[in-house]
Student: 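Handing you this structure, nothing more for now.
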Amino acid sequence: MSGDLLVKNVRPMAGAVVDVLVSDGIIRRHDRGIEAPGGCAVVDAQSGILLPAFVDGHIHLDKTYWGLPWRPHQAGPTVLDRIENERRLRRELDLKIDVQVERLARQAISRGTIHIRNHVDIDTEIGLRNFEGVMAARDRLKGAVSIQVVAFPQSGVVSRPGTAELLDRAVKEGADLIGGIDPAGLDRDPTGQLDIVFGIAGRYGVGIDIHLHDPGELGAFQLRLIAERTRALGLAGKVSISHAFCLGMLDEIELGKMLELLVENRIAIMTHGPGDTPVPTLAPLRAAGVTVFSGSDAIRDAWTPFGTADMLERAMLLAWRNGFRTDELLHSTLDVVTRGGATVLGLEGYGLEVGCRADFVLVPGETLAELVVARPTRTWVVSGGRVVARDGQCIL
Ligand SMILES: [Zn+2]
């Protein structure tokens, strides 16, 4: 359902007050004093700000304990500790994956997120169970939220024989991208894992999004391997690297060389601005022309007690983590959680211009910088012309 909708007295990107007319899910007109056509729903925005819908470019919907009783964090400090702890909890808790995915997706919608890239856990213990849960929930939420699915080998690829076949099957059965994780640090076989990941991408013509936590030179070495393969296989524009902590650990000369490599191969970088490790810094990446996007990553699961699936809060965290204070820099974080994500996810008709898909968020506020700082309640969230959340509540 996507009837006509007229948003009166609204300020797209905090600009001048206009009315915005939507029909058949598309933005048709921006003008002053538009008369509502017959049967058209009317919303008075009261000079609120209109933003394009948020893009959560990296989340783990199928891991979350959202909506379940509070669970104290139990994992040790390393990535390996957290993987093992999660495997144990998965056996104990036996979550209904599709229910959990839907719960967290609804929370994301209530905060103005309409487009998601989800890394779904696949390993030899759970097989494609999480993948199937995500696909079922994605079907049920179709039309309200778009979910890209990355087949993600959380427990490693080469080090867990049988995983490569499962990843291949997931992509064959509809996963949109193939993922990877610390080819050196976790699998101890960077070329082995990358051969499998790029092999699957080549076989099915899908994009790639690799988790890379490995630090310093070890991480940089793998970035170079990924760039080489991206170039050799003509995959420029289809490869993303998530986290890339190593970019926050290189000296200026090394970082400059690395950024050139990323730009040349149009490799995008996802950062969620964690507080406990060096991270890629936004300003130099964006100034060099690297596409940067963001996401919630883990939310209230075995990995972290934190997270609200709120990309406006994420923009604030990015600004906080990068030490941003000026309006211009605060704006840049809004761009990361909207257009940056839309570029990487390849969303067509994204934006607030006439002819774009009517996916937008209405918030009270004065300026864009103020929104990042204050994170007001989302008054209206519209997906394809249909109201999907009101006053911070998902109404699907
Ligand atoms: Zn992740």
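Read the numbers this way: they start at 1 and go in the same order the structure lists the ligands and their atoms.
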Student: Are any N, O or S atoms from H58 nearer to the Zn ion (ligand 1) than 2.8 Å?
Tutor: yes
Student: Just give me the atom name: the N, O or S atom of H211 closest to the Zn ion (ligand 1).
Tutor: NE2
Student: Between H119 and the Zn ion (ligand 1), is there a contact where an N/O/S atom of the residue lies under 2.8 Å from the metal?
Tutor: no
Student: So, H272 versus H58, ring centres under 6.0 angstrom or not?
Tutor: no
Student: State yes or no: are the ring centers of F54 and H115 separated by less than 6.0 Å?
Tutor: no
Student: Among the N, O or S atoms that D297 has, which is closest to the Zn ion (ligand 1)?
Tutor: OD1
Student: Surrounding CD of E35 (heavy atoms of other residues, nucleotides or ligands, distance under 6.0 Å), is the total greater than 12?
Tutor: no
Student: For D391 and T377, test the side chains for any donor-to-acceptor distance below 3.5 angstrom and give the result as yes or no.
Tutor: no
